[in-house]
Enquirer: 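Structure in C-alpha coordinates, see below.
Keep in mind that this is a model prediction, so the values were computed, not measured.
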Amino acid sequence: LWIFGDFFFILQEIATEVHTESKWKRLGELAMSTGKLELTEKCLTNAMDLSGLLLLYSSIGDAEGIATLTTLAKLEGKNNVAFLCLFMLGKLEECVQLLVDSNRIPEAAFMARSYLPSKVSEIVDMWRKDLSKVIHFHGLLTMPFLSPPPKILRR
(Lines give C-alpha, C1' and ligand atoms only; values in the text may rest on other atoms or scores of the structure.)
Protein backbone atom coordinates (compact mmCIF):
# COMPACT_ATOMS: atom_id res chain seq x y z
CA LEU A 1 0.00 0.00 0.00
CA TRP A 2 2.88 2.39 0.68
CA ILE A 3 4.01 1.86 -2.93
CA PHE A 4 0.82 3.59 -4.13
CA GLY A 5 1.50 6.48 -1.75
CA ASP A 6 4.96 6.98 -3.25
CA PHE A 7 3.54 6.53 -6.74
CA PHE A 8 0.95 9.27 -6.22
CA PHE A 9 3.57 11.54 -4.66
CA ILE A 10 5.83 11.13 -7.70
CA LEU A 11 2.95 11.74 -10.13
CA GLN A 12 1.91 14.81 -8.16
CA GLU A 13 5.45 16.17 -8.32
CA ILE A 14 5.53 15.63 -12.09
CA ALA A 15 2.17 17.37 -12.53
CA THR A 16 3.36 20.27 -10.37
CA GLU A 17 6.57 20.71 -12.36
CA VAL A 18 4.95 20.39 -15.78
CA HIS A 19 1.68 22.05 -14.68
CA THR A 20 -0.43 21.12 -17.66
CA GLU A 21 -4.15 20.68 -17.44
CA SER A 22 -4.00 17.23 -18.99
CA LYS A 23 -1.48 15.93 -16.43
CA TRP A 24 -3.63 17.15 -13.54
CA LYS A 25 -6.77 15.64 -15.09
CA ARG A 26 -5.11 12.27 -15.61
CA LEU A 27 -3.76 12.23 -12.07
CA GLY A 28 -7.18 13.28 -10.79
CA GLU A 29 -8.88 10.42 -12.63
CA LEU A 30 -6.35 7.96 -11.22
CA ALA A 31 -6.76 9.37 -7.71
CA MET A 32 -10.55 9.17 -7.99
CA SER A 33 -10.43 5.57 -9.21
CA THR A 34 -8.42 4.60 -6.13
CA GLY A 35 -10.58 6.59 -3.68
CA LYS A 36 -8.07 9.33 -2.86
CA LEU A 37 -10.64 12.12 -2.70
CA GLU A 38 -8.41 14.85 -1.24
CA LEU A 39 -5.87 14.32 -4.01
CA THR A 40 -8.70 14.17 -6.53
CA GLU A 41 -9.96 17.55 -5.36
CA LYS A 42 -6.50 19.09 -5.58
CA CYS A 43 -5.95 17.71 -9.08
CA LEU A 44 -9.34 18.82 -10.39
CA THR A 45 -8.80 22.29 -8.92
CA ASN A 46 -5.37 22.61 -10.55
CA ALA A 47 -6.80 21.39 -13.84
CA MET A 48 -9.71 23.86 -13.51
CA ASP A 49 -12.02 20.92 -14.20
CA LEU A 50 -15.15 22.52 -12.79
CA SER A 51 -17.45 19.77 -14.05
CA GLY A 52 -15.28 17.19 -12.32
CA LEU A 53 -15.36 19.19 -9.11
CA LEU A 54 -19.14 19.42 -9.36
CA LEU A 55 -19.32 15.65 -9.71
CA LEU A 56 -16.97 15.15 -6.76
CA TYR A 57 -18.67 17.62 -4.41
CA SER A 58 -22.18 16.47 -5.25
CA SER A 59 -21.17 12.82 -4.82
CA ILE A 60 -19.75 13.33 -1.36
CA GLY A 61 -22.38 15.91 -0.31
CA ASP A 62 -19.90 18.72 0.26
CA ALA A 63 -22.13 21.83 0.42
CA GLU A 64 -19.18 24.06 1.32
CA GLY A 65 -17.25 22.80 -1.71
CA ILE A 66 -20.28 23.42 -3.92
CA ALA A 67 -20.59 26.98 -2.57
CA THR A 68 -16.91 27.62 -3.31
CA LEU A 69 -17.33 26.08 -6.75
CA THR A 70 -20.25 28.45 -7.44
CA THR A 71 -17.98 31.45 -7.00
CA LEU A 72 -15.20 29.91 -9.08
CA ALA A 73 -17.61 28.95 -11.87
CA LYS A 74 -19.05 32.47 -12.00
CA LEU A 75 -15.54 33.95 -12.22
CA GLU A 76 -14.64 31.55 -15.05
CA GLY A 77 -17.90 32.25 -16.90
CA LYS A 78 -19.06 28.65 -16.53
CA ASN A 79 -22.67 29.57 -15.92
CA ASN A 80 -24.04 26.05 -16.40
CA VAL A 81 -21.88 24.78 -13.53
CA ALA A 82 -22.71 27.83 -11.42
CA PHE A 83 -26.43 27.32 -12.06
CA LEU A 84 -26.30 23.65 -11.02
CA CYS A 85 -24.39 24.56 -7.87
CA LEU A 86 -26.92 27.23 -6.93
CA PHE A 87 -29.80 24.88 -7.66
CA MET A 88 -28.31 22.11 -5.50
CA LEU A 89 -27.83 24.62 -2.69
CA GLY A 90 -31.48 25.65 -2.99
CA LYS A 91 -30.66 29.24 -3.93
CA LEU A 92 -33.50 29.60 -6.42
CA GLU A 93 -33.56 33.40 -6.57
CA GLU A 94 -29.85 33.40 -7.38
CA CYS A 95 -30.51 30.79 -10.08
CA VAL A 96 -33.07 33.06 -11.72
CA GLN A 97 -30.76 36.06 -11.40
CA LEU A 98 -27.88 34.13 -12.97
CA LEU A 99 -30.11 33.24 -15.90
CA VAL A 100 -31.12 36.89 -16.30
CA ASP A 101 -27.51 38.06 -16.03
CA SER A 102 -26.56 35.46 -18.67
CA ASN A 103 -29.25 36.88 -20.96
CA ARG A 104 -31.21 33.65 -20.75
CA ILE A 105 -34.44 35.38 -19.95
CA PRO A 106 -36.82 32.74 -21.38
CA GLU A 107 -35.20 30.10 -19.17
CA ALA A 108 -35.44 32.49 -16.22
CA ALA A 109 -39.16 32.92 -16.91
CA PHE A 110 -39.73 29.17 -16.95
CA MET A 111 -37.63 28.74 -13.83
CA ALA A 112 -39.65 31.44 -12.07
CA ARG A 113 -42.90 29.87 -13.28
CA SER A 114 -41.88 26.52 -11.79
CA TYR A 115 -40.14 27.57 -8.58
CA LEU A 116 -40.69 31.27 -7.83
CA PRO A 117 -44.21 32.29 -8.88
CA SER A 118 -43.76 35.67 -7.18
CA LYS A 119 -41.09 36.55 -9.77
CA VAL A 120 -43.04 35.52 -12.88
CA SER A 121 -44.51 38.91 -13.78
CA GLU A 122 -41.16 40.67 -13.30
CA ILE A 123 -39.29 38.17 -15.48
CA VAL A 124 -42.00 38.04 -18.15
CA ASP A 125 -41.84 41.85 -18.35
CA MET A 126 -38.08 41.57 -18.91
CA TRP A 127 -38.72 38.96 -21.58
CA ARG A 128 -41.23 41.22 -23.32
CA LYS A 129 -38.79 44.13 -23.33
CA ASP A 130 -36.05 41.88 -24.64
CA LEU A 131 -38.30 40.56 -27.40
CA SER A 132 -39.44 44.04 -28.38
CA LYS A 133 -35.85 44.83 -29.31
CA VAL A 134 -35.90 42.02 -31.85
CA ILE A 135 -39.47 41.63 -33.10
CA HIS A 136 -42.87 43.19 -32.79
CA PHE A 137 -44.85 40.43 -31.15
CA HIS A 138 -48.41 41.87 -30.87
CA GLY A 139 -49.05 40.55 -27.39
CA LEU A 140 -48.17 36.95 -28.15
CA LEU A 141 -46.27 36.66 -24.88
CA THR A 142 -48.92 36.67 -22.17
CA MET A 143 -49.21 35.62 -18.59
CA PRO A 144 -51.85 32.87 -18.58
CA PHE A 145 -53.07 33.71 -15.11
CA LEU A 146 -53.70 37.38 -16.05
CA SER A 147 -55.22 37.13 -19.52
CA PRO A 148 -56.51 34.51 -21.96
CA PRO A 149 -54.17 33.32 -24.70
CA PRO A 150 -54.46 35.06 -28.08
CA LYS A 151 -56.85 33.51 -30.59
CA ILE A 152 -55.21 31.71 -33.46
CA LEU A 153 -57.07 32.07 -36.73
CA ARG A 154 -57.23 29.03 -38.97
CA ARG A 155 -58.62 28.78 -42.48
Enquirer: Looking only at heavy atoms, which two atoms of Gly65 and Asp62 are closest? And how far apart?
Expert: N-OD1, 2.9 Å
Enquirer: According to a hydrophobic-cluster definition based on side-chain heavy atoms being under 4.5 Å apart (Ile, Leu, Val, Met, Phe, Trp, Tyr only), do Leu39 and Met32 belong together?
Expert: no
Enquirer: State which residues pass side-chain contact (heavy atoms from CB on, under 4.5 Å) with Glu41; sequence neighbours excluded, sorted by chain then number.
Expert: Thr45, Leu53, Leu56, Tyr57
Enquirer: Restricting to non-hydrogen atoms, name the atom on Ala73 and the atom on Ala82 that form the minimum distance, rounded to 0.1 Å.
Expert: CB-N, 3.7 Å
Enquirer: How many angstroms lie between atom CG of Leu72 and atom OG1 of Thr68, to the nearest 0.5 angstrom?
Expert: 9.0 Å
Enquirer: Donor-acceptor pairs are to be reported for all side-chain atoms of residues 83-100 against protein atoms at under 3.5 Å, with residues two or more places apart or in another chain.
Expert:
unit_1 : atom_1 : unit_2 : atom_2 : d
Gln97  : NE2    : Asp101 : OD1    : 2.8

Enquirer: Using 0.5 Å steps for rounding, measure from the CG atom of Asp125 to the CG atom of Asp130.
Expert: 12.5 Å
Enquirer: If I compare all heavy atoms of Cys43 with all of Gly28, which pair ends up nearest, and what's the gap?
Expert: CB-CA, 3.5 Å
Enquirer: Say you draw a straight line from CZ of Arg104 to CH2 of Trp127; how long is it, rounded to the nearest 0.5 Å?
Expert: 13.0 Å
Enquirer: Are Tyr115 and Phe110 in one and the same hydrophobic cluster, where Ile, Leu, Val, Met, Phe, Trp and Tyr link if side-chain heavy atoms are under 4.5 Å apart?
Expert: yes
Enquirer: Kindly give the heavy-atom pair with the smallest separation between Ser102 and Asn79, and that separation in Å.
Expert: OG-ND2, 3.0 Å
Enquirer: With distance as the sole test, does Ser114 use its side chain to make a donor-acceptor pair with the main-chain N or O of Met111 at under 3.5 Å?
Expert: no
Enquirer: Do Leu37 and Leu30 belong to the same hydrophobic cluster, where Ile, Leu, Val, Met, Phe, Trp and Tyr are linked whenever their side-chain heavy atoms lie under 4.5 Å apart, directly or via other members?
Expert: no
Enquirer: Roughly how far apart are Lys74 NZ and Leu69 CG, rounded to 0.5 Å?
Expert: 11.5 Å
Enquirer: Please report the shortest heavy-atom distance between Val81 and Ser51, naming the atom on each side.
Expert: CG2-OG, 4.1 Å
Enquirer: How long is the straight-line distance from NZ of Lys42 back to NZ of Lys36, given to the nearest 0.5 Å?
Expert: 13.5 Å
Enquirer: Looking only at heavy atoms, which two atoms of Ala108 and Ile123 are closest? And how far apart?
Expert: C-CG2, 3.7 Å
